[in-house]
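What follows is one structure encoded as structure tokens, with my remarks underneath.
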2 protein chains.
Amino acid sequence: MGNPEHIDGLSTLNRDNRSVRKILLAAARAFGRSGYRGTSMQQIADRAGVSKSLVHYHFDSKEHLFLEVQLELLRELLSYVRELTRSGARRSPAQFEQAIEEARDFVVRDLEHIRVMLEFHNVARDNARIAGHVATFQSELMAMVVEGIHNVLGPSMLERLVIPPERVARLLLQILNGLIVDLAYAQGDEAVQRVHETFSDVRALITQALFNPLS
Amino acid sequence: MGNPEHIDGLSTLNRDNRSVRKILLAAARAFGRSGYRGTSMQQIADRAGVSKSLVHYHFDSKEHLFLEVQLELLRELLSYVRELTRSGARRSPAQFEQAIEEARDFVVRDLEHIRVMLEFHNVARDNARIAGHVATFQSELMAMVVEGIHNVLGPSMLERLVIPPERVARLLLQILNGLIVDLAYAQGDEAVQRVHETFSDVRALITQALFNPLS
DNA sequence: TTGTTTGTACTGACCGGTCAGTCCAAAGTG
DNA sequence: CACTTTGGACTGACCGGTCAGTACAAACAA
């Protein structure tokens, strides 16, 4: 990745600083809940328990803060996907399904955080710098999922895929986007439960059709 | 639906008025592109070629305008789904796939408009009135898709579904949400083309696994 | 025919308020 | 000393919304 925080001429950011971490966390949640424009620097400062001045002290601008939030989310996702697909011992469609299920659990657990992704394209549309970062974000995530598919399936199962791994990766990301949107809409526990049921249907049907039978 | 524009004590809206139609169209596109908070009344007025005052003359508030945009989108979706699934002559998985493909084309064609849906939950989160309308929107759309599935498949094919029609409807809406998000991210023609390919994969795999073989 | 009234569409100027961002003096901290 | 943190005052831009007033055509009255 090569020190992405040093490009674009942004000032260096001390990520180990406790306040910086608090601000990043508060900002991620606030952006996820209310969107980029719907979140004020004051709200972020309040939720982080620091002064507004300090936020401006650590981050050049709101755009910079958003960028760093984005960057951290990418790091989290990458490290999670790496961890999830590290072991090379799973070699069946059922294990593949389980990996998808675990990915879903990850999304649900960090939903407030991950929802920021739905905001990326809105901000990117009138901000070239952020648009570039979104593109990087997407391609790095895609590469990581492809690698994860290789790790989870191994060469033997990989041969049985009816479409190439790259297309499987794109497919997984697309249905996960659908899950995120549906969850954003769902209000109340039964609604969330129904969304989970729906995603399980998607997962089961796709897995079933994704592998050629053993010849 | 019963004259939805008369509920909530909103002033009646002359939908035949040329300016009103221009404003609604401009607002739908602007909300779809930049989100609710990212769109100002001034921008909408400019794009509609009218004064900001006129927008406030026809619509009580920004919230009211958003509500009317939502209402019109619901009308369009309902009438489109009705039209798409009217004929009862299709009775094969291939025809089912084609109906999904047509729905995709509809989404792509009106994407700028439909993208507003991604914004609904953001606005609804801190606006009870809009939250109620979103819930109505969702349930009416769901009912319409279920009815459409019945029409497209007919009793014979309906029996072969491995999950009930209601779950199929939720599944379709979820993967369409994924499509909309992916399209929102896609920049450039090849990117859009790749998203289409991905959605085709989803559609094909799901359709393949969705029907029991003829016994 | 001429004048009056009424209703609708529409506008520019303006108001109160919010927001991102700046500046700075002061205080704590390692 | 250098770094971090606070709080407060301030600016310029923008935003949603209001308001007085214009334009105009149809209906009505003399």
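In what follows, chains carry the letters A, B, and so on, assigned in the order in which the sequence lines appear, proteins first and then strands, with residues in each chain numbered from 1.
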**Message:** Rounded to whole Å, please give me the gap between CG in A:Asp46 and P in C:dT18.
**Reply:** 14 Å
**Request:** Tell me, please, which residues at least two apart from B:Glu112 pass salt bridge (Lys or Arg N to Asp or Glu O under 4.0 Å).
**Result:** B:Arg29, B:Arg33
**Item:** Terminal axis angle for the helix from C:dG3-D:dC28 to C:dG30-D:dC1, five pairs an end, nearest 10 degrees
**Value:** 0°
**Message:** Just to verify, what does B:Glu72 make a salt bridge (Lys or Arg N to Asp or Glu O under 4.0 Å) with, not counting sequence neighbours?
**Reply:** none
**Those residues that, when tested against A:His56, pass ring pair (Phe, Tyr, Trp, His ring centres under 6.0 Å) (two or more places apart)** = none
**Message:** So which atom in A:Val145 and which in A:Ala169 form the shortest heavy-atom distance, rounded to 0.1 Å?
**Reply:** CG1-CB, 3.6 Å
Distance-only donor-acceptor hits, side chain of residues 43-52 of chain B, under 3.5 Å, sequence neighbours excluded:
from	atom 1	to	atom 2	distance (Å)
B:Asp46	OD1	B:Gln42	NE2	3.1
B:Ser51	OG	B:Leu54	N	3.3

**Asked** So does B:Arg109 have more than 12 non-hydrogen atoms from other groups sitting under 6.0 Å from CZ?
**Response** yes
**Asked** What pairs with A:Tyr36 under ring pair (Phe, Tyr, Trp, His ring centres under 6.0 Å), at least two apart in sequence or on another chain?
**Response** A:Phe31, A:Phe66
Would you tabulate the pairs of protein nitrogen or oxygen atoms and nucleotide nitrogen or oxygen atoms of nucleotides 13-17 of chain D closer than 3.5 angstrom?
from	atom 1	to	atom 2	distance (Å)
D:dG16	OP1	B:Thr39	O	3.3
D:dG16	OP1	B:Lys62	NZ	2.6
D:dG16	OP2	B:Met41	N	2.8
D:dG16	N7	B:Lys52	NZ	2.9
D:dG17	OP2	B:Lys62	N	2.9
D:dG17	N7	B:Lys52	NZ	3.1
D:dG17	O6	B:Lys52	NZ	2.6

**Request:** Establish, with yes or no, whether the OP1 or OP2 oxygen of D:dT5 is under 4.0 angstrom from a side-chain nitrogen or oxygen of A:His58.
**Result:** yes
**Message:** Quick check on C:dT11: is either OP1 or OP2 less than 4.0 Å from any side-chain nitrogen or oxygen of B:Ser53?
**Reply:** no
Would you list the protein and nucleotides 26-28 of chain C atom pairs, both N or O, that sit under 3.5 Å from each other?
none

**Item:** Partner residues of A:Arg115 under the salt bridge (Lys or Arg N to Asp or Glu O under 4.0 Å) criterion, sequence neighbours left out
**Value:** none
**Message:** With heavy-atom distances below 4.5 Å as the criterion, would you say the side chains of A:Leu77 and A:Phe106 are in contact?
**Reply:** yes
**Request:** Would you tell me whether B:Gln193 and B:Glu197 have side-chain atoms, one donor and one acceptor, within less than 3.5 Å of each other?
**Result:** no
**Asked** Does a side-chain heavy-atom distance below 4.5 Å link B:Arg194 with B:Phe199?
**Response** no
**Prompt:** What residues, two or more places apart in sequence or in another chain, satisfy salt bridge (Lys or Arg N to Asp or Glu O under 4.0 Å) together with A:Glu101?
**Reply:** A:Arg104, A:Arg203
**Prompt:** CG of B:Leu54 versus C1' of D:dT18: gap in Å, rounded?
**Reply:** 15 Å
**Asked** For the pair made of OH in B:Tyr57 and P in C:dG12, what is the distance, rounded to whole Å?
**Response** 16 Å
**Asked** Below 4.0 angstrom from OP1 or OP2 of D:dT5, is there any side-chain N or O of A:Asn17?
**Response** yes
**Prompt:** Where along residues 18-30 of chain B does a heavy atom fall under 4.0 Å from DNA chain C?
**Reply:** B:Ser19
**Prompt:** Taking only residues at least two apart or on different chains, which pairs with a member in residues 162-180 of chain A satisfy side chain to side chain donor-acceptor pair (under 3.5 Å)?
**Reply:** A:Arg167-B:Asp201, A:Gln174-B:Asp182, A:Asn177-B:Asp182
